[in-house]
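The block underneath contains the structure these notes are about, expressed in structure tokens.
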Amino acid sequence: MKKILLLSIALLLTMATFLVIGSAQDYTQWQLPEGAKTRLGKGRINDIVFSPDGTKFAVATSIGIWIYSAESGKELSLFTGHEVEVMSAVFSSDGRTLISVDSNGESRRWNATTGEQLSILTDGNDIVKKVVLSADGTRLVTVNLDDRFRVWDLNDLKSEPILVDDTEQSVNGIEISRDAQIIAATKIPHHSGSDRPVENFRLQVWNTMTQQMLFKLYGEEPRITALEFSSDGKTLITADHSGEINFWNVDTGANWFTIKEKKKEIRTLMFTPHKKRLATADMDNTIRFWEISSDEGQPPQSQVFKELKENIFIMRFSPDEKTLLTSTQNGTIQGWDIETGSQRFKITGHVGEILHLAISENGKILTTANSLASRWLTDDTYLQHWDINTNGMLSADFLEFEGVETITPDCRNVIIKEKDGKFEMLDIETKNTLFTITEIEKDALSGKFVFSLDGKTAAASGKDYVVHLWQIANTSQMSKAWKTLKGHTKWIKAMAFSPDGKMLASGENKIIHLWNLETGEILFSFTPQLNTVEDIAFSPDGKTLAGGSREAIYLWDTATGKEIGVCIPERITTSMTLVFSPDSKIFVSACGARVLKFADHEVMLSTGGWVTATTSKDDGGIFQLWDSRTGELLSTHTGHTNRIIAFAFSKDSKTFATGSRDGTVLLWDWEKISQVNRK
């Protein structure tokens, strides 16, 4: 990993990485990339930390570091500069600087007041799996593909990192003591492929200075769900999914105290150094305070502080221990008065990745389907409705279903998958079911739904490699399949209707079929020569079809089936997203996560095998504009910190929307960005 010292003042002056503090400003306009008009959403929350004086707190997110007032919860500033999501942040002891670290292991130092970037401390290496900063900001710990810990001294960048060898088990979670002397890691169970026995550990605790393991917990269950060190680093507190809380002596591994309350999984915990109070949040969303006595023989006294409606995954006490911050799975941050239990403020806007995106027919409302902002796997979804003119959120709807499959072109309905495997069309405003898909066996559809431009026809791919079509003529009746298209022999990964709704393109592996929907016959079959087809798009004039794979984008004439051109993106990726401009002259592509390749026997996994390729955590966040007539690359645009997975144009063609896994939507001035390098 490279180390880069102080940036020059001249460079700092050219970087737009800071913003004048002022809560009166519209934060949707802060730190926008060139050509963007607005940012909707604040990104997914990864960490929260108070300043030493307790007047503000920093939120490390998927797009940067937000600074909030601890009194009012108002946005103060946004620090951007990391190319990927920020995982953790800490203030210096005097509160003047802030240190952040991203998912690639790159750490930066900022002026905590102005947001000026002072230096890049460590440069990311693209194969980091886990990162954590010590609370005093002196140490950075990274866990790479080999599952070994590397401890970086941020005060001495010339020194090599301390390397701590681990056992043959992958790291699940990691915590570090305040002075960075001790590392605690939860492990992922592994199973041998031979007859030899496998020794699994739930937890391992290491001394980073001596590089020796202090103690370990054997077995796979109960799984440890939360870790916390005491302020002096002498005690490690663990919680598991059985609801048990244990206090461990770090030096000896002795379990000096156990709390057994209810068999409810503890999802997060926080320990206050002064009052010796432990806060826990369980799977029932109950926050409980435990008063820990100095006498190790005394059982703790507990009380319920709050019962929330959403799952809690981060809690933080203010330095004076009078305020508790909670962050829930829907991205809401709430500030609570500990003495009275009253809510001081509520912050919204932090959501999970954008799954789907659509703009209403009148061009005034933008609707997104977002995953929750939680760390835990869940298919529940939020639908958010934004006023494009004011940038304000109109409403947010929680959908407790298996998942939202698509938003209809008019933004009025969604196709959802119920937990019983059925698919339904839901009216967004009334929440009423308009129809349920029948005559299809449970889980027989893959869920890849697409609609014709007029919204009258829907298509979905089946697990039997068949395309199913429905005509949405009377939504008051159960919808039955209108036609089925048979011709594929493998999993169908992408589909698209022609603008007039008379043709459908469907792609599997290395072949795309173009169907005549009146006859159900194949008009043409296109065979890209590279990798799996990831996305398909028609030009609005219906004359061109684009198909994207991991390595290239192909263009075909829909009238003749002739290949027009091949566009080669800058890198091999895991996926591709495509859309044409309203005038059909430009098509836009967004690549997924970058694929990194290694020489054989270069990188060894903790389980003993060698890896020759992996997916980088740098998921790009870029999109490119291409000339649809020649295949020439026109321009490349950055702004997101993670993969772009949804595109939409406004009806007047003036605004281009990009939705990303970083949890934000950027609204771009299409006229401005489309003229870059355009002949």
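These numbers come from a predicted model, not from an experiment. Starting from 1, each residue takes its place in the sequence as its number. No hydrogens, no waters, no symmetry mates; every other heavy atom, side chains included, goes into these values.
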I'd like to check the side-chain hydrogen bond (donor to acceptor under 3.5 Å, both in side chains) partners of T406; sequence neighbours left out, ordered by chain and number. none
If the condition is salt bridge (Lys or Arg N to Asp or Glu O under 4.0 Å), which residues does E34 pass it with, not counting sequence neighbours? K672
If you count every heavy atom of other residues, nucleotides or ligands that lies below 6.0 Å from Q29 atom CD, does the total exceed 12? yes
Flag the pair D240 / I266 as yes when at least one side-chain heavy-atom distance between them is below 4.5 Å, and no otherwise. no
Looking at S62 and R44, would you say the former's side chain and the latter's main chain have a donor-acceptor pair under 3.5 Å? yes
M315 and I287: side chain to side chain contact (heavy atoms under 4.5 Å, CB included), yes or no, with the steps? CA-CA 9 Å; M315 293 188 296; I287 301 173; 4.0 Å; yes
Verdict with supporting geometry, E116 and T114, side-chain hydrogen bond (donor to acceptor under 3.5 Å, both in side chains): CA-CA 5 Å; E116 290 181 72; T114 67; 3.3 Å; yes
Determine, stepwise, if the pair K37 / T655 fulfils side-chain hydrogen bond (donor to acceptor under 3.5 Å, both in side chains). CA-CA 9 Å; K37 301 187 292 185; T655 301; 2.7 Å; yes
Distance only, no hydrogens: is a donor on one side chain within 3.5 Å (strictly under) of an acceptor on the other, for E71 and S69? no
Considering residues, nucleotides and ligands other than K364, do more than 12 of their heavy atoms fall under 6.0 Å from its NZ? no
For the pair V351 and Q384, evaluate side chain to side chain contact (heavy atoms under 4.5 Å, CB included) and give the outcome as yes or no after the intermediate values. CA-CA 10 Å; V351 295; Q384 298 196 99; 3.4 Å; yes
Salt-bridge criterion met for E361 and K651 (N-O under 4.0 Å): no
Determine, stepwise, if the pair F317 / F50 fulfils ring pair (Phe, Tyr, Trp, His ring centres under 6.0 Å). CA-CA 8 Å; F317 284 102; F50 273 97; 9.3 Å; no
Let me confirm one number: the CZ-CG distance from R108 to L98, rounded to the nearest 0.5 Å. 12.5 Å
Rounded distance [0.5 Å steps], CH2 in W386 versus CG in L667: 10.0 Å
Would you tell me whether T225 and H241 have side-chain atoms, one donor and one acceptor, within less than 3.5 Å of each other? no
Determine whether W66 and W30 make a side-chain contact, defined as any pair of heavy atoms from C-beta on separated by less than 4.5 Å. yes
Report yes or no: do T323 and W336 form a side-chain donor-acceptor pair below 3.5 Å? no
Can you name the ring pair (Phe, Tyr, Trp, His ring centres under 6.0 Å) partners of F91, sequence neighbours left out? none
Sequence neighbours left out, what passes side-chain contact (heavy atoms from CB on, under 4.5 Å) with E175? Give chain and number order. L227, F229
Can a side-chain donor-acceptor contact be found between N370 and E353 if the only test is distance below 3.5 angstrom? no
Note: L269 and A239 closest approach over all heavy atoms is CD2-CB, 3.6 Å
Not counting sequence neighbours, which residues clear salt bridge (Lys or Arg N to Asp or Glu O under 4.0 Å) with R344? List them please. D337
Taking the side chain as C-beta and beyond, is there a heavy-atom pair between N391 and D26 under 4.5 Å? yes
Got W290 and T280 here, is their nearest side-chain heavy-atom distance under 4.5 Å? yes
Decide yes or no on side-chain hydrogen bond (donor to acceptor under 3.5 Å, both in side chains) for D284 and T286, but give the supporting numbers first. CA-CA 5 Å; D284 285 341; T286 300; 5.6 Å; no
Donor-acceptor pair, side chain of N46 and main chain of V86, under 3.5 angstrom: yes
How close do C411 and I428 get, heavy atom to heavy atom, and via which atoms? O-CD1, 3.3 Å
Donor on one side chain, acceptor on other, S318 and D320, under 3.5 Å: yes
Please enumerate all residues that pass ring pair (Phe, Tyr, Trp, His ring centres under 6.0 Å) together with F271, with sequence neighbours excluded. none
Partner residues of S92 under the side-chain hydrogen bond (donor to acceptor under 3.5 Å, both in side chains) criterion, sequence neighbours left out: D94, T97
Quick one: side-chain hydrogen bond (donor to acceptor under 3.5 Å, both in side chains) partners of S342, sequence neighbours excluded? T340
Taking side chain as C-beta onward, heavy atoms only, is F313 less than 4.5 Å from T328? no
dist R316:CZ -> F57:CZ (nearest 0.5 Å) comes out at 12.0 Å
Please answer whether the main-chain N or O of L426 pairs with a side-chain N or O of K431 as donor and acceptor at a distance below 3.5 Å. no
Flag if over 12 foreign heavy atoms under 6.0 Å of NZ, K654: no
Report the residues that fulfil salt bridge (Lys or Arg N to Asp or Glu O under 4.0 Å) with R39, sequence neighbours left out, ordered by chain and then residue number. none
Determine, stepwise, if the pair H640 / L666 fulfils side chain to side chain contact (heavy atoms under 4.5 Å, CB included). CA-CA 8 Å; H640 290 288; L666 285 172; 3.6 Å; yes
Between T368 and H356, a side-chain donor and acceptor under 3.5 Å: no
Verify the distance criterion only: is there a donor paired with an acceptor across the side chains of R267 and N311 at less than 3.5 Å? yes
With sequence neighbours left out, what residues match F451 under ring pair (Phe, Tyr, Trp, His ring centres under 6.0 Å)? none
Interatomic distance, CE@M576 vs CD1@I644, rounded to 0.5 Å, equals 12.0 Å
In Å and rounded to the nearest 0.5 Å, what is the OG to OH distance from S77 to Y27? 14.5 Å
Any side-chain donor near an acceptor of the partner, K187 and S170, under 3.5 Å: no
Per the side chain to side chain contact (heavy atoms under 4.5 Å, CB included) rule, which among T122, L121, I99 passes with L140? T122
The test is side-chain hydrogen bond (donor to acceptor under 3.5 Å, both in side chains); show your working for N642 and S660 and say whether it passes. CA-CA 6 Å; N642 210 317; S660 168; 5.5 Å; no
When you compare the side chains of E424 and T433, does any donor N or O come within less than 3.5 Å of an acceptor on the partner? yes
Give me the ring orientation class for H350 and Y68: parallel if the planes are under 30° apart, tilted from 30 to 60°, perpendicular past 60°. perpendicular
Interatomic spacing from OG in S360 to CD1 in I388 - rounded to 0.5 Å: 6.0 Å
Residues passing the side-chain hydrogen bond (donor to acceptor under 3.5 Å, both in side chains) test with T636, sequence neighbours excluded, are Q624
Set of ring pair (Phe, Tyr, Trp, His ring centres under 6.0 Å) partners for W668, sequence neighbours left out: F623
